[in-house]
Amino acid sequence: MNPFYLLSKSMQKKIWDMKWGRFTPIQEMVIPTIIHTNKDIVISSGTASGKTEAAFLPILTLIESTAGQSLKVIYISPLKALINNQFERIEKVSEHIHVPIHRWHGDVDQGKKKKFIQSPAGILQITPESIESLFVNRTEHIKRIFSDVEFFVIDEIHSFLDTERGVQLRSLLSRIENYCKNRPRIIGLSATIDNFDFIRSWINYCNTDNVEIIVSPGNDKELNYSLMHFQNDESFKKPVVFFEDLRELTRESKSIIFCNSRGEVEETTVFLNRLAKRENVGETYYAHHSSIDKQEREYVERTIANSSAPKSVVATSSLELGIDIGEIELVVQVDSTFTVSSLKQRLGRSGRKKDTNQYLQLYTTNQDSLLQSLAVMELLLEKWVEPSVGYPVPYDILFQQIVSICQEHNGITEIELINNLKGNHVFYFLPTEEIRMLIHHMINYDFLELINGSKELIVGLDGERILRDKDFYSVFMTSEEYEVVNGAKKIGQLDKKWLINEGDNIILAGKLWTIQGIEESKGKVYVTAAVNANPPRYFGDGSKIHSKISEKMHEILCSDEKFRYINKEALNELNDLRKAYHLNNIKSQQRVLWKQRDSYYFEGYTGTKIARTLVWMLRSFGVQVKKYDEFGRLEVTSSIYLLGTLEQITQKEWREEELIAFTREEEFFQSKYSALLPQELYMKMHILHEIDINGVVAFLKNIQIIVITMD
DNA sequence: GACCTGCTGCGGGTTG
């Protein structure tokens with residue numbers, strides 16, 4: 001049966017009015033499943049395949065007769081921008097059917113929020129953090145608001161699977177369920193995902209069979225791609241010819257140029273605009289990243305979306321998720337992404353229009369990046385992406401949620417609290433003794449307080465301090481920043497860890513500035529225009545590379561594959577890297593230990609987690625690791641023979657705890673609330689997030705180590 | 001050698 005006839009009369013009329021030709025394949029599959037079954041559903045398909053409508057046409061059909069009276073659907077988005085975007089899309093579909101739609105996030109004004117609280121109905125579009133704020137600040141209303149909810153729609157659900165933010169969200173959904181007459185169905189909208197089992201249990205561990213995953217048939221778009229290498233100089237500066245080539249490439253097309261850091265975005269934007277100016281073209285390249293003022297960013301998004309001229313945006317992963325910037329013809333990636341899924345997501349931003357193809361240009365500017373880019377691209381072509389693994393033992397989020405739950409209940413006994421957590425979808429599996437240990441720790445440190453003859457728990461004084469801070473609602477870490485202003489105009493932000501002085505020249509938002517003054521108390525930096533400047537530095541986490549990427553890099557070193565999509569300079573560099581490997585006829589299951597006088601270089605080419613664990617194991621045997629990188633390449637200077645130690649590592653019975661003494665401060669796990677946990681629970685988090693003993697042993701057993709002496 | 005994401009309520013005043 002044509003899914004059209006499954007929809008309500010008003011939805012059918014709406015589709016007529018919008019002059020839709022036909023449903024997309026994903027819509028044809030999803031509509032009957034929502035209407036005819038009671039299942040949770042994950043809709044996995046590329047951008048612009050009509051996922052939102054696939055979910056909302058049938059949902060509106062099911063709820064339209066009663067949606068005027070109470071809240072039926074909670075739509076959750078990781079981005080405020082996406083809420084604003086989708087608001088218009090959903091409003092369009094539900095125009096004439098009296099289903100109210102409400103937006104709720106940090107930028108929505110109080111009046112609108114008040115109105116919703118007074119008469120909650122229809123659809124609520126909200127962020128995880130704003131759900132948290134409802135539990136904390138609107139406690140007396142939540143029962144009334146949530147009781148009739150029938151659907152949770154989670155947009156970009158893949159972005160929640162492996163993150164602390166996802167743990168928080170899933171906990172919040174559990175807490176909402178406690179107030180619902182019936183358990184709401186979960187509909188997830190996702191880019192391509194792997195590891196179906198994991199996403200099923202993320203949605204409903206009690207009944208994974210009831211989660212249907214609907215994957216759209218792959219698109220028939222042709223992918224055009226190539227890689228160009230421009231070796232940087234000794235001071236790691238990108239050569240001018242690289243920028244000239246990039247200018248040439250983007251002169252006639254609308255493109256996104258992805259860089260790996262905010263500083264590179266700034267540098268690239270300024271350089272490209274200088275080249276464009278030489279051709280008497282006006283501003284053509286726009287910078288986009290999180291430390292550029294929001295208004296400026298929105299201006300850039302609009303300019304790119306509405307421009308018919310070939311303008312381009314230079315961005316970090318800030319433009320990776322679904323923010324609408326119109327049709328993009330070309331995606332450029334400067335140096336390798338850290339994950340395959342990131343490259344896939346970025347490339348999906350081009351060729352969205354019907355009958356257009358996808359164009360991807362990779363640039364590399366150093367040898368590692370070349371090798372890594374090839375590895376990532378090859379894995380993408382093999383259709384591999386990093387599988388979801390979740391966020392293990394989330395005691396840090398448990399800490400935050402306990403504060404929030406105590407606030408929600410305004411007095412709860414320890415037994416009730418534990419029962420509540422045991423019924424929570426993300427905490428149920430944590431041992432009761434450990435939950436109790438955390439609660440008692442929180443009482444001891446005044447995060448919680450016992451009242452009513454020590455029977456009931458409320459938020460303690462130090463808990464209040466955390467709870468009343470506006471920083472409470474999000475669970476991810478952020479760094480402190482200065483606000484940069486030019487007169488009354490906000491330009492963006494600078495990382496406080498980066499030491500600046502008056503008179504320094506910086507690039508921000510693609511423009512050059514001189515720092516005129518720093519007002520520490522207000523956290524403000526005052527700037528005026530300059531003619532010459534350097535990009536600022538921002539500080540982030542280290543990178544964790546999946547084993548599969550490192551292994552692929554090693555495989556490429558061993559092979560003599562020419563890769564038809566790379567230029568001559570890239571092939572020359574690659575052959576240069578391969579020389580020693582080819583000369584010694586190294587095979588892909590082998591790993592080389594290069595010996596040079598008193599130094600040993602072991603090129604492990606394995607994942608970052610395994611590499612670090614290996615380093616700690618080596619240190620425990622007294623081997624001094626001088627340097628190591630995220631691909632497991634390490635340098636050792638030691639009289640102890642490394643080979644023997646590696647052998648011993650595979651034979652020993654390891655306990656994770658014994659590696660802790662050999663871990664440097666900066667190598668420990670860290671998250672927003674991790675420092676507030678009892679030591680024992682914190683170490684559990686560290687162990688499960690950072691240590692992989694079985695991984696190291698399996699890695700060492702699967703490889704054959706070849707010792708080569710270099711002189 | 002990184003990147004991204006988010007965020008009180010209330011009362012009292014002014015403005016459209």
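Below, chains carry the letters A, B, ... as their sequence lines are ordered, and counting in each starts from 1.
- For A/L321 and B/dT5, the CG to P distance is 9 Å, given to the nearest whole Å.
- A straight line from CD of A/E481 to C1' of B/dA2 spans 14 Å, rounded to a whole angstrom.
- Below 30°, between 30° and 60°, or above 60°: for A/F160 and A/W202 the angle between ring planes is below 30°, a parallel geometry.
- As rounded to whole Å, 10 Å separates atom P of B/dT5 from atom CD of A/Q493.
- When rounded to the nearest whole Å, the span between CG of A/D162 and C1' of B/dC4 equals 15 Å.
- Between A/I257 atom CD1 and A/H288 atom NE2 the span is 14.0 Å, to the nearest 0.5 Å.
- Residues from residues 257-272 of chain A that place a heavy atom under 4.0 Å from any atom of DNA chain B, listed by number: A/N260, A/S261, A/R262.
- Remark: A/R612 is not positioned above the aromatic ring of A/Y628, lacking an NZ or CZ atom under 6.0 angstrom from the ring centre and at most 45 degrees off the axis.
- The side-chain contact (heavy atoms from CB on, under 4.5 Å) search around A/T303 returns A/Y286, A/Y299, A/K311, not counting sequence neighbours.
- Within the nucleic acid shown, A/R297 comes within 4.0 Å of sugar-phosphate atoms alone, with no base atom in reach, counting heavy atoms only.
- Using a 30° and 60° split on the angle between ring planes, A/F146 and A/Y179 fall in the tilted class, from 30° to 60°.
- Residue contacts for A/E320: at a heavy-atom cut-off of 4.0 Å it reaches no nucleic acid atom on any strand shown.
- Residue contacts shown for A/Q372 include a base, since a base heavy atom lies under 4.0 Å away.
- When the C1' atom of B/dT5 is taken as reference, atom CD1 of A/I83 falls 12 Å away, rounded to whole Å.
- A/F271 places none of its side-chain heavy atoms less than 4.5 Å from the side chain of A/L246.
- A/F539 places its CZ atom 8 Å from the P atom of B/dA2, with the value rounded to the nearest Å.
- At whole-Å resolution of the value, CG in A/N84 and P in B/dT5 are 14 Å apart.
- Each of A/E386, A/E630, A/K609, A/M553 was evaluated against A/I545; a single residue qualifies, A/E630, per the side chain to side chain contact (heavy atoms under 4.5 Å, CB included) test.
- Looking only at side-chain heavy atoms (C-beta outward), A/V485 and A/I491 stay at 4.5 Å or farther from each other.
- Between the C1' atom of B/dT5 and the CD atom of A/Q345 lies a distance of 14 Å, rounded to the nearest Å.
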Exercise for the section: Classify every nucleotide of nucleotides 6-16 of chain B by which part a protein heavy atom approaches to under 4.0 Å, writing B for the base, S for the sugar-phosphate alone and - for neither, in 5'-to-3' order. Expected result: BBSS-------
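- Annotation: cation-pi pair A/R262/A/Y538 present, NZ/CZ under 6.0 Å from the ring centroid and within 45° of its normal.
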